[in-house]
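Reading through the structure tokens given below for one structure.
Basis for what follows: all heavy atoms, side chains included, without hydrogens, waters or symmetry-related copies. Every number for a ligand or one of its atoms is a count from 1 in the order of the listing.
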Amino acid sequence: MNTIIIQADNGTLKEDDIKTAVSILKNGGLVAFPTETVYGLGADALNPKASEKIYKAKGRPSDNPLIVHISDIKNIEQIARDVSMKAYELAKVFWPGPLTMILNKKDIVPYSTTGGLDTVAIRLPANKIAKDIISRFGGYVAAPSANVSGKPSPTKAEHVIEDLMGKVDMIIDGGKSTLGLESTIIDLTSTIPMILRPGCITKTMLENVIGDVRYDKAILENHDDKDVIPKAPGMKYRHYAPEGCLTIYEGDMLPVAEAINKKAMEYTLEGRSVGIIATEETKNLYKHGDIKSIGSRKDEDSIAAGLYSVLRYFDNVHTEYIFSESFVNGDLGQAIMNRLLKAAGYRVVKVDKDMQGG
Ligand code: TXA
Ligand code: MG
């Protein structure tokens, strides 16, 4: 398949390019476009054949439902029923933005879009290009992250090109995703709303608007080892997995750096390639391997925004062993660690203060 690549100008698409994107969607084709969280792979959400193409292009299991992207709050009612007051309150505060709500679906939404579920995931993104395409298309664009299943979500067009060139009709380059982590998913069909995937809209932020919210237990622990099945089907797959062996080191900054240095030296001497995920504050503490800073500890947002790029980088250079610091501070830390722990297959080394080099 021939893939058209389009460059947006300063976050805006030319009129002709919007038209092309819309006409591809209308014909049941696939358009990858930027959003503020990660790039999405868009198709007509109400056309079963179109959403089936998404699964094929991504190599995604067909029981893993897609998020329907809308461009106007009013459109909720066309695709969801029993929409609660809480849903409207959240939409008013957090849309457009990185929040996805799970609601009961209306018949118009095909089961191929919802992975056979009677609920539908809905999000109204903030990115201008995304909004323009969705509204001009007519409202309902199914879009999972625009990566091949099992790879980190794309936060730049070049990531999408890496994964989907030749498999989709169009890729729109709108620059770097500002947030870099997928949207928070909240299920509003349960009595107490439940967070199915942590993201930039944190539990506290949600509770400030609608009161009690809980986490799906499965996202807080390594459910591979237990009988806890996550409610968001996608969370059960081993996502975000780099090629190399990733281990997270937890503990105070200096002992962690010391422990990582020791391992990095050991592996380097054995002729292995080593990568280190560090921060602006710590990068100078490391002496061996390929040291990458993902952002500043003073600015958690920068760490969220940098994570997937660094994971992809280590894949591209085929790093065999990757050591990462951990990022547990603050509310956003939950979302970052959720992704990082999955990428590491929950391989964590806890570094004790007194441990000499781990
Ligand atoms: O930020 C985002 O949400 C990005 C951008 C493109 O909007 N999209 C995204 O989509 O991350 P995807 O498909 O990679 O992740 C969607 C997640 C999956 O884990 C899926 O299982 C879950 O949402 N999901 C979708 N519909 C659901 C439903 N009806 N019930 C429970 N979970 C659902
Ligand atoms: Mg995804």
Side-chain angles (χ1 to χ4, degrees), residues 30-43 45 51 54-55 57-71 79-80 94-106 109-127 129-131 133-134 141-155 159-160 163-164 172 174 177-190 193-201 216 218-219 229-241 304-305 308 335 338-339 342-343:
L30 303 181
V31 176
F33 59 88
T35 87
E36 69 280 18
T37 56
V38 300
Y39 274 71
L41 177 59
S51 35
I54 290 184
Y55 289 98
K58 279 180 62 82
R60 176 176 174 118
S62 61
D63 69 342
N64 190 2
L66 309 173
I67 297 175
V68 178
H69 293 68
I70 59 175
S71 58
I79 52 173
F94 298 114
W95 280 359
L99 181 70
T100 295
M101 296 198 269
I102 308 288
L103 296 163
N104 289 316
K105 85 172 188 76
K106 280 194 170 162
V109 186
Y111 282 117
S112 54
T113 296
T114 66
L117 298 176
D118 286 311
T119 52
V120 59
I122 310 178
R123 176 161 108 85
L124 199 165
N127 180 284
I129 296 171
K131 274 199 301 192
I133 293 175
I134 298 160
V141 175
S145 49
N147 53 288
V148 159
S149 262
K151 289 259 238 154
S153 292
T155 52
H159 299 159
V160 183
D163 283 12
L164 298 177
I172 298 167
S177 294
T178 46
L179 302 175
L181 289 184
E182 305 87 345
S183 61
T184 304
I185 301 179
I186 186 165
D187 183 353
L188 290 161
T189 64
S190 50
M194 190 155 74
I195 297 175
L196 307 189
R197 178 172 73 183
C200 295
I201 311 272
D216 181 1
I219 62 177
I229 296 171
K231 249 194 116 181
M235 300 295 279
K236 71 173 181 266
Y237 296 107
R238 189 175 168 241
H239 256 185
Y240 329 111
Y308 288 148
N338 170 265
R339 307 319 194 263
K342 279 184 156 209

Which one holds for [X] and ligand 1: side chain close, backbone close, both close, or neither close, with close meaning a heavy atom under 4.0 Å?
X: Met101; answer: neither
X: Arg123; answer: side chain
X: Pro233; answer: both

- [ ] Without swapping roles, check the side chain of Asn64 against the backbone of Pro233 for a donor-acceptor pair under 3.5 Å.
- [x]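 Checking the backbone N and O of Pro233 against the side chain of Asn64, no donor-acceptor pair under 3.5 Å is found.
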Task: Side chain Asp216, main chain Lys231, donor-acceptor under 3.5 Å - done: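 Checking the backbone N and O of Lys231 against the side chain of Asp216, a donor-acceptor pair under 3.5 Å is found.
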- [ ] May I ask you to list the atoms of ligand 1 that are less than 4.0 angstrom from any heavy atom of Leu117?
- [x] 28 (C), 29 (N), 30 (N)
- [ ] With the side chain counted from C-beta on, respond yes when Pro152 and Asn147 share a heavy-atom pair under 4.5 Å apart, and no when they do not.
- [x]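 With C-beta onward as the side chain, the pair stays apart.
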Open item on the list: Do Ser183 and Thr35 have side chains that approach each other closer than 4.5 Å (heavy atoms only, starting at C-beta)?
Closed with: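 The answer is no, as the side chains (C-beta and beyond) never meet within the 4.5 Å cut-off.
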Open item on the list: Between Thr37 and Arg123, is there a side-chain donor-acceptor contact under 3.5 Å, judged purely by atom types and distance?
Closed with: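 Their side chains do contain a donor-acceptor pair, which is all the 3.5 Å distance test asks for.
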[X], any N or O under 3.5 Å of ligand 1 N or O:
X: Glu182; answer: no
X: Tyr39; answer: no
X: Thr35; answer: no
X: Thr119; answer: yes

Task: Heavy-atom proximity to atom 23 (O) of ligand 1, best of Val109, Leu103, Ile122, Ile185 - done: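 Result: the heavy atom closest to atom 23 (O) of ligand 1 is in Ile185.
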Open item on the list: I want to confirm something. Looking only at heavy atoms, which of Asn64, Leu196, Asn127 is nearest to atom 20 (C) of ligand 1?
Closed with: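 The option holding the nearest heavy atom is Asn64.
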TODO: Give a yes/no answer: is there an N/O/S atom of Asn147 under 2.8 Å from the Mg ion (ligand 2)?
DONE: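 For Asn147, the answer is no, given that no N, O or S atom comes within less than 2.8 Å of the Mg ion (ligand 2).
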Task: Straight-line distance of Ile102 CD1 to Leu196 CG, nearest 0.5 Å - done: 5.5 Å
Task: Ser153: which of Arg339, Glu182, His159 passes side chain to side chain donor-acceptor pair (under 3.5 Å) - done: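 Filter result, single survivor: Glu182.
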